[in-house]
Amino acid sequence: MTASTAAPFRLRLPLLCAALALAGSAQAQSLLELYEAARGYDATYLAARAQFDASQAQADQARAGLLPQVGLGAAANASRRDSELNSLDGNSNSQSVTLSASQPLYRPANRLTNEQAGLSRDIAQARLTQAEQDLVVRTTQAYFDVLAADDTLTFVRAQKTAVAEQLAAAKRNFEVGTATVTDSREAQARYDLVIAQEIAAENDLRVKKLALDQLVGRAGTAPKPLAAPVTLPPLQPQDPQAWLNRAQEGHPAVLQAQRAFDIAQLETQKAEAGHKPTLDLVGSYGVSRAPSGITGVNGNIRNHTTSIGLQFNLPLFAGFAVQNRVKETLSLEEKARNDLEGARRSVDQAIRSAYFGVVSGQSQVKALEAAEASSQSALDANRLGYQVGVRINIDVLNAQSQLFQTKRDLAQARYNVLLGNLRLRQASGVLQADDLRPIDALLAK
């Protein structure tokens with residue numbers, strides 16, 4: 001490269017770097033975008049979706065017990081008769097076609113089974129809702145895990161740069177006799193420690209990215225970071241009882257337990273229906289072709305048969321099976337009642353824990369923001385003291401480590417608050433994909 005071409009190249013180099021930086025930022029994905037990708041790829045969610053479809057079809061099967069049953073039957077027979085009287089020998093064949101139908105008129109067990117199917121459909125919907133909410137939380141967790149690992153690596157590298165500068169300064173001061181060998185060795189030890197931390201942070205970031213890639217089905221995902229300055233949304237409503245009231249309206253876990261209890265009650269009624277009669281409307285139409293069997297009439301005769309009537313059945317004694325079945329269902333009904341109460345208590349505890357976790361996290365963020373400012377002031381004071389000779393090198397290194405540690409903890413605390421808000425909504429049973437939009441609004445554009 002000649003001197004005449006080197007100058008334009010040096011001018012184009014910053015523009016090329018800027019273009020590459022913009023291209024990299026354009027490929028970064030938002031949280032909502034990665035959630036939509038996970039929704040179409042995550043095996044756990046897709047399995048829950050398939051189970052929901054199967055449960056819907058299974059519930060629809062129960063209606064068959066209330067609808068007409070129609071069947072078509074056909075038969076063909078051939079026979080050969082050999083007799084001592086040759087005149088009676090011969091072949092014969094017959095054919096028949098029968099169309100039969102029945103319509104249940106009074107079958108209490110079938111009606112109760114159909115009602116149970118409707119309740120089972122509600123359970124399937126609640127399970128799918130839980131799977132969707134779980135996917136929202138898992139995607140957000142993986143997203144923030146990558147951001148937190150990237151923050152840790154950034155802070156470690158910044159600390160590495162600062163420690164390297166202190167190490168170089170300590171070596172220069174030792175060479176000119178203004179510092180002791182202890183300062184140089186302390187700086188070297190701190191630098192070696194930061195190198196080890198950097199290696200660990202790089203590996204942790206790779207692992208977290210692989211986990212996010214596997215969740216969303218994409219390679220090389222790049223989550224957008226939080227835009228500075230970070231302003232976390234307030235917790236609304238700021239009353240744990242309000243969140244508890246939301247859960248009572250239709251929490252998926254409580255709804256499943258409630259529907260299971262309702263099904264158990266209907267199962268007891270079904271068992272008791274074992275003593276009740278059943279009544280069906282039945283009918284048939286048949287066409288048959290067979291030998292006449294009448295002396296003097298040769299050949300086959302076609303017959304048409306039509307019948308319609310009522311079929312009544314009353315169980316009288318079944319070896320105490322019905323009574324024992326009733327005892328069984330009553331015990332299962334009591335179990336379902338206790339499961340429902342247990343579900344309500346678990347939801348209550350989960351909501352309270354999640355609520356106070358968010359409140360505590362918000363307070364921690366405020367404390368760490370103050371600690372960040374204090375750590376920055378302490379570092380500036382130690383640097384000034386080192387320059388005038390009233391502080392030693394290790395004081396500056398400790399102040400730097402404290403600042404970078406505080407920055408990392410602050411970033412993690414912010415992620416925990418945002419994730420805690422989602423977990424609180426999940427605990428209350430009201431979490432939706434649209435709840436990711438306020439978080440997306442906080443990300444860098």
Side-chain angles (χ1 to χ4, degrees), residues 24-53 125-153 204-227 230 232-233 235-236 243 246-247 251-253 347 350-351 353-355 357-358 361-362 365 411-445:
S25 62
Q27 295 176 355
Q29 300 92 20
S30 68
L31 176 57
L32 194 58
E33 180 182 353
L34 291 181
Y35 166 74
E36 292 298 335
R39 201 167 184 269
Y41 181 81
D42 180 63
T44 302
Y45 173 74
L46 293 179
R49 186 80 193 183
Q51 181 61 54
F52 168 75
D53 294 337
Q125 181 62 60
R127 287 175 178 170
L128 180 61
T129 300
Q130 278 188 315
E132 292 175 343
Q133 293 179 351
D134 179 67
L135 182 62
V136 170
V137 173
R138 287 192 291 117
T139 305
T140 306
Q141 179 72 69
Y143 190 95
F144 285 152
D145 282 347
V146 173
L147 291 183
D150 187 63
D151 290 341
T152 299
L153 180 59
D204 184 59
L205 178 59
R206 281 193 295 267
V207 172
K208 294 301 192 297
K209 282 188 173 181
L210 286 174
L212 181 59
D213 291 348
Q214 183 179 6
L215 179 62
V216 303
R218 294 186 180 182
T221 52
K224 294 181 180 180
L226 294 178
V230 180
L232 299 179
L235 178 60
Q236 294 294 340
W243 292 97
R246 286 187 176 186
H251 191 285
V347 168
I351 292 175
S353 299
Y355 177 84
V358 174
Q362 290 177 331
V365 167
Q412 183 65 62
R414 286 169 174 162
Y415 300 146
N416 290 341
V417 169
L418 294 174
L419 183 61
N421 271 285
L422 296 182
R423 291 191 183 278
L424 176 57
R425 293 182 177 276
Q426 182 187 26
S428 300
V430 297
L431 179 62
Q432 298 178 352
D434 287 342
D435 293 322
L436 297 177
R437 297 188 185 279
I439 300 179
D440 258 16
L442 299 176
L443 302 178
K445 303 303 181 182

(message) Any heavy-atom pair between the side chains of Leu215 and Leu135 that's under 4.5 Å?
(response) yes
(request) Look at atom CD of Gln214 and say whether more than 12 heavy atoms of other residues, nucleotides or ligands are closer to it than 6.0 Å. (result) no
(request) Nearest 0.5 Å please: distance from the CZ atom of Arg49 over to the CZ atom of Arg39. (result) 6.5 Å
(request) Would you check if the side chain of Asp213 reaches a backbone N or O of Thr221 as a donor-acceptor pair within less than 3.5 Å? (result) yes
(request) Of all the heavy-atom pairs spanning Leu442 and Pro233, show the shortest one and how long it is. (result) CD1-CD, 3.8 Å
(request) Go through the steps to decide whether Asp204 and Lys208 satisfy the test salt bridge (Lys or Arg N to Asp or Glu O under 4.0 Å), and finish with yes or no. (result) CA-CA 6 Å; Asp204 184 59; Lys208 294 301 192 297; 2.7 Å; yes
(message) Please report the interatomic distance OH(Tyr143) to CG(Leu34), rounded to the nearest 0.5 Å.
(response) 6.5 Å
(message) Do Leu235 and Leu424 make a side-chain contact, defined as non-hydrogen atoms from C-beta onward lying under 4.5 Å apart?
(response) yes
(message) Do the side chains of Asp150 and Lys209 get close enough for a salt bridge, i.e. N-O under 4.0 angstrom?
(response) no
(message) Please report the interatomic distance CG(Leu418) to CZ(Arg414), rounded to the nearest 0.5 Å.
(response) 10.0 Å
(message) Treating His251 as the side-chain partner and Val347 as the backbone partner, does any N or O pair qualify as donor plus acceptor under 3.5 Å?
(response) no
(request) Return the minimal non-hydrogen interatomic distance between Ala247 and Ile351, and the atom names on each side. (result) CB-CD1, 3.3 Å
(request) Flag the pair Gln426 / Val136 as yes when at least one side-chain heavy-atom distance between them is below 4.5 Å, and no otherwise. (result) no
(message) Show the nearest heavy-atom pair for residues Asp440 and Leu31, with the distance to one decimal.
(response) OD1-N, 3.0 Å
(request) In sequence, state the C-alpha distance, the side-chain angles, and the governing distance for Asp434 and Arg437, and then conclude on salt bridge (Lys or Arg N to Asp or Glu O under 4.0 Å). (result) CA-CA 6 Å; Asp434 287 342; Arg437 297 188 185 279; 3.3 Å; yes
(message) With heavy-atom distances below 4.5 Å as the criterion, would you say the side chains of Trp243 and Arg425 are in contact?
(response) yes
(request) State the OH-CG distance between Tyr415 and Leu226, to the nearest 0.5 angstrom. (result) 5.0 Å
(message) Under a plain distance cut-off of 3.5 Å, with no hydrogens placed, do Arg423 and Gln141 share a side-chain donor-acceptor pair?
(response) yes
(message) Quick check: do Gln125 and Phe52 have side-chain heavy atoms less than 4.5 Å from each other?
(response) yes
(message) Would Glu33 and Lys224 count as a salt bridge (Lys or Arg N to Asp or Glu O under 4.0 Å) here? Give the steps.
(response) CA-CA 11 Å; Glu33 180 182 353; Lys224 294 181 180 180; 5.9 Å; no
(request) Answer whether the closest heavy-atom distance between the side chains of Ile439 and Ser30 falls below 4.5 Å. (result) no
(message) Does any part of the side chain of Gln432, heavy atoms only, come nearer than 4.5 Å to the side chain of Glu132, both counted from C-beta?
(response) no
(request) Specify the closest pair of heavy atoms between Gly429 and Pro252, including all atoms of both residues, with the distance to one decimal. (result) CA-CD, 3.7 Å
(request) Run through Leu153, Thr152, Asp151, Asp145 and flag the one making a side-chain contact (heavy atoms from CB on, under 4.5 Å) with Leu205. (result) Leu153
(message) Would you compute the distance between atom CZ of Arg138 and atom CG of Leu212 and round it to the nearest 0.5 angstrom?
(response) 12.0 Å
(message) Are the side chains of Val417 and Asn421 in contact, using a 4.5 Å heavy-atom criterion?
(response) yes
(request) Using distance alone, with no hydrogens and no angle criterion, decide if Gln130 and Asp134 have a side-chain donor and acceptor under 3.5 Å apart. (result) no
(message) Within this structure, what is the CG-OG1 distance for the pair Leu431 and Thr129, rounded to the nearest 0.5 Å?
(response) 10.5 Å
